[in-house]
Amino acid sequence: VKDKLLASPLDLDPFLSDDRRLDNALTRRIDAEPENVQRGLAQLVLTIVELLRQLMERQALRRIDGGALTEEQVERLGRTFMELDQRMEELRAEFGLEPEDLNLDLGPLGRLL
Amino acid sequence: VIELYAVTREAAAPRPPLRAVACGGLTAVCGPATEREVTPEVLWEHEEVVEELMEQCNLLPFRFGTRVVDEAAAAHAVGARRDELLISLDRVRGAVELAVRARRRAGAGDAPTSSGSKYMDRRARDLGAARLLHEPLAFLARDSVLGGGPDLLRAAYLVDRETTERFVALVRRLQQSHPDLDVLCTGPWPPYSFADAKETT
């Protein structure tokens, strides 16, 4: 594995959380229990919500950049996105999903997020 | 049942028990499929096979776990997608895939905030930082694919073999000019992210 590192920070640990995710993905693949079906549905719904969240956030950032919003409006927008972000995190945790799980491979269309 | 490893338009002489199956000017490299538990070690073994082939020829890797009944089925599957495979093979010729990930450095991380405007500031800063990393890297690369997830940047770059060193040097320079980030570059990988004809930025 080491010889695949072309340039790396001194502390690799934050990047290695992926190993655990890989294990999850590998075991999940062959598991078709009913609760996993529910999870699959949650994954799908949360992916769509995450897509909308990101689109709206980018739109908001553009509007802030354009200077069209008052400080109070920016603060309110920011809080809304922050809360949405936290809520998403809670929901992900509830279904045992990692942030990377919230993506869809649309085949020829590429990835959703 | 056999497992598919890669497809190429060049003459491939894979080591037994791997076999080269020719179909319409393309060659699919396949091997016996074994029933076993999928572990990271198994993935690495598969990876090593593909990388050894990559030393011999330009190829498109199959997704791990791609299986067909027999060699005739392999030839049929490859033949049916011949045109798009040829396009993709042209695209990756002489190039390798390099992966880059960036995160905000631990400790330099942001204290939790309850301020909405501060939150938006950070989001803008992170998106901006990702752009500052990605744009020069994408400029050196033939092609690139951005991934999702919690990383500030997670991307795959299709880079000419002879440009690899320059690319890595650029990653190092970007790391130096962004001391608040951790930047990781791995490879060279088979062009997994560029194996589909249309999946491109």
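Below, all heavy atoms of this structure are taken into account, side chains as well, without hydrogens, waters or symmetry copies. Treat the numbers as computed from the prediction; the structure is a model and nothing was measured. Order of the sequence lines sets the chain letters (A, B, ...), proteins ahead of strands, with each chain counted from 1.
Shown here is B:Glu45, whose CD atom has more than 12 heavy atoms of other residues, nucleotides or ligands within 6.0 Å. Counting heavy atoms of neighbouring residues, nucleotides and ligands inside a 6.0 Å radius, atom CD of A:Glu72 does not exceed 12 of them.
B:Asp180 pairs with exactly one of B:Arg122, B:Arg105, B:Arg104, B:Arg125 by the salt bridge (charged side-chain N to carboxylate O under 4.0 Å, His left out) rule, that one being B:Arg104.
At a heavy-atom cut-off of under 4.5 Å, chain A is reached by no residue from residues 23-34 of chain B.
Between chain A and the options B:Ser117, B:Ala169, B:Ala99, heavy-atom pairs under 4.5 Å are most frequent for B:Ser117. Of all the listed residues (A:Arg76, A:Glu75, A:Arg79), the one sharing the greatest number of non-hydrogen pairs under 4.5 Å with chain B is A:Glu75. Per-residue counts of heavy-atom pairs under 4.5 Å with chain A were compared for B:Met120, B:Gln175, B:Glu47; the largest is that of B:Met120. Counting heavy-atom pairs closer than 4.5 Å to chain A, the top residue among B:Val168, B:Val183, B:Leu181 is B:Val183. For chain A, the option among B:Pro188, B:Ala124, B:Gly187 with the highest count of heavy-atom pairs below 4.5 Å is B:Gly187.
Electrostatic pairing of B:Arg93 and B:Asp90 counts as a salt bridge here, judged by a charged N lying under 4.0 Å from a carboxylate O. A salt bridge between A:Arg92 and A:Glu50 is absent, with no side-chain N of the basic residue lying under 4.0 Å from a carboxylate O of the acidic one. Using a cutoff of 4.0 Å between basic side-chain nitrogens and carboxylate oxygens, A:Arg87 and A:Glu83 are not scored as salt-bridged. The pair B:Glu35-B:Arg67 meets the salt-bridge criterion, with a side-chain N (NZ, NE, NH1 or NH2) lying under 4.0 Å from an Asp/Glu carboxylate O.
Between B:His46 and B:Tyr5, the ring planes lie parallel to each other; the angle is under 30°, not in the 30° to 60° tilted range.
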Test side-chain contact (heavy atoms from CB on, under 4.5 Å) applied to B:Glu55 and B:Glu52, step by step | CA-CA 5 Å; B:Glu55 298 300 313; B:Glu52 201 181 307; 5.5 Å; no
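Using a 4.5 Å cut-off between heavy atoms, B:Ser114 touches chain A through its backbone atoms (N, CA, C, O) alone. Heavy atoms of B:Glu165 lying under 4.5 Å from chain A are absent altogether.
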